Amino acid sequence: MPRANEQVAALLQEYADLLLITGADAVRARAYEKAARAVAGHSDDVTRMRAAELRRIPGVGKSIADKISEASTAGTIGALAALRAQIPPGVHELTSIPGLGPKHALQLYTELQVSSVAELTDAIKAGRLRDLKGFGPKSEDRILHGIEVMRTADQRVPLNIAMDTAADLVAAISAVPGCARCTYAGSLRRMRETIGDIDILAAATDSAPLMTALTLLPETAEVIARGEAKTSIRTTRGLQVDLRVVPLDSWGAALQYFTGSQAHNVRVREIAVRQKLKLSEYGLFDTETGALIVSRTEEDVYARLGLAWVPPTLREDTGDVQATLRGELPALVTDQDIRGDLHTHTDLTDGVAALEQMVTAAQARGYSYYAITDHAPNLFMQRMTSEKMLAQREQVRALGARLQAGSGDGALTLLHGTELNIAPDGTVDWPDEFLAGFDVCVASVHSHFDQPGDAMTRRFVAACENPHVNIIGHPLTRKIGRRPPVDVDLRELFAACARTGTALEINSHPARLDLPSEHIRAARDAGVRFAINTDAHAAGHLAYLRYGVGCAQRGWLTADDVINTWPLPQLTEFLAKGA
Ligand code: DGT
Ligand code: CA
Ligand code: CA
Ligand code: ZN
């Protein structure tokens, strides 16, 4: 999706927030929120669209279309500026504390004159929130915890934001005359969930033009340090970027070194030392003579140490070096292995694209099957009904038949599914007879996140035992930096999944990455199968798949562990749950 859309969406979202904070009509605020999501998910650049075209975006009427046009031409929205002038920016910042809504932010400002996160912390410590209507000792703890979560999350950037920025930077540096190679390294190449800073590596004889190019890019806000081997900048979005330039001869050794992790590198260097070799970012050297042995490619470096090349997603020193020594590295699942997406939405519920658009996007990805899984009725705000679901099924069947008629054997097979809600007692929406009509059911926890561990575990196990539930969606329901994982006994959950033939989802949304990679290996060892899904709410979200695949790789999964790499007949058999 175009980057400009995200900027416009951010302005609309801020407008919605400020409407709520200033006590305006909640319906109006929600309209702006909805439009913000639609704009963010729109596939064309909204800043290049005329007003009439804009109004065809769902949720965009005349007044919102005008504001989008204004944002596109002026870079800002007058009405938004007017609201900004009414309250200090710190009050808006209060609403980014997990669990603190706009109403409370306004109340804190009007009744206690609190207008920043720091002032709020002071107010809590001074016990000033205690007597405020709607607050209490419990909410004090909750807010303090929220502030803590926000602080730690703030310093690291979501994977997709760093990836998009890095792609732009690599393209810009690669275009500089004299640049022989350029790529990103560090935690980004290892596909960690969040990124501290972006590490770019380039090869050139003369580093100066590359360094200069970096410092002059439009997204460079500040030059932190400039040198011959390394230059660090901060982008306009507050991200730090380190650019290192090495001679082409050192490429492999440098890439290995700056990809890390540090723990992996320490382990590899120990192996070098035992062979009387020394490994640095310049190459692998003979310790005694100082002679360079290899440095041109990563494969050369690993091979000379007697190791197979280790995929970057495994380089965390969690048994990766031992496994490569024994020749037991797994053949990791890749993007190309994925044959279809099993959890996606349309504008029938909270998606922003119509069924046909989503299906066209799935075709463009070359999928062989694709499941539409809109929300079920118990998530009340989605206003789903049985009638709507059955009407959608008719549409899906008709569209599926057209696809088959159009391209025969290679055609995309459409599956009609749903995303059920796991109630606190483990039951789901709809009776068995109705559920039996779906090709695939994802079931997720969308409420009562704070159930105690034993009740939560029973809830999940009951969902797995439901013969119609195929996949547990975003199992821990955490949102990175915003919502903690639910309390569930993972061993019991994994055992239930393996016993009942229920897959665990690896939700690819970069704000979720759930099941988190650190739990995937244990689940796999317990016999669990996985589905790497995007949970797409817009056509552009289908591309998030790569982050789910990265997460799966960090969990050491092979294609065989992942049900949506399987051919359709094998998948269909799994979805039958032994019935
Ligand atoms: P991040 O930025 O916190 O998400 O994580 P990384 O892994 O990208 O860490 P970063 O940016 O500090 O360094 C990138 C890689 O460079 C790191 O994984 C290993 C290597 N590296 C950097 N500094 C050192 C160092 O002082 N010693 C060693 N052994 N390796 C280093
Ligand atoms: Ca880094
Ligand atoms: Ca760095
Ligand atoms: Zn979903």
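Owing to the predicted nature of the structure, the values given are computational and were not obtained by experimental measurement. Note that ligands are numbered from 1 as they come in the structure, with each ligand's atoms numbered from 1 the same way.
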Is there a side chain to side chain donor-acceptor pair (under 3.5 Å) between E505 and H474 once you walk through the steps?
CA-CA 6 Å; E505 179 172 78; H474 44 71; 5.4 Å; no
Within the supplied structure, the quantity of interest is the number of heavy atoms (other residues, nucleotides, ligands) at a distance under 6.0 Å from R383 CZ; does it exceed 12?
no
For F574, is the NZ or CZ atom of R529 found under 6.0 angstrom from the centre of its six-membered ring and inside 45 degrees of the ring axis?
no
Atom OH of Y282: over 12 foreign heavy atoms under 6.0 Å:
no
Return the set of protein N, O or S atoms whose distance to the Zn ion (ligand 4) is under 2.8 Å, each given as residue and atom.
H343 NE2, H345 NE2, E419 OE1, D535 OD1
Distance-only polar pair, side chains of R189 and T183, donor-acceptor under 3.5 Å:
no
Exceeds 12 heavy-atom contacts within 6.0 angstrom, atom NZ of K479
no
Can you tell me if K34 has over 12 outside heavy atoms packed within less than 6.0 Å of its NZ?
no
Using the side chain to side chain donor-acceptor pair (under 3.5 Å) rule, take Q451 and D487 through it: C-alpha gap first, then chi angles, then the decisive distance, then the call.
CA-CA 7 Å; Q451 261 184 331; D487 183 6; over 6 Å; no
Passing option when H375 is tested against Q382, M381, M389, M384 for side-chain contact (heavy atoms from CB on, under 4.5 Å):
Q382
Salt-bridge present (D199, R244; N to O < 4.0 Å):
yes
Could you grab the protein N, O or S atoms closer than 3.0 Å to the Ca ion (ligand 2) for me?
D197 O, D197 OD1, D199 OD2
Quick one: is the NZ or CZ of R393 closer than 6.0 Å to the six-membered ring centre of F438, and within 45° of its axis?
yes
Sequence neighbours left out, cut at 3.5 Å: what donor-acceptor pairs do the side chains of residues 163-171 make with other protein atoms?
| residue | atom | partner | partner atom | Å |
| --- | --- | --- | --- | --- |
| T165 | OG1 | I161 | O | 2.8 |
| D168 | OD2 | R3 | NH1 | 3.4 |
| D168 | OD2 | R3 | NH2 | 2.9 |

Among side-chain atoms of S386 and W430, is any donor-acceptor pair under 3.5 angstrom?
yes
With a 4.0 Å heavy-atom cut-off, what residues sit around ligand 1?
R156, G186, S187, R190, I195, G196, D197, D199, Y257, F258, T259, G260, S261, Q262, R269
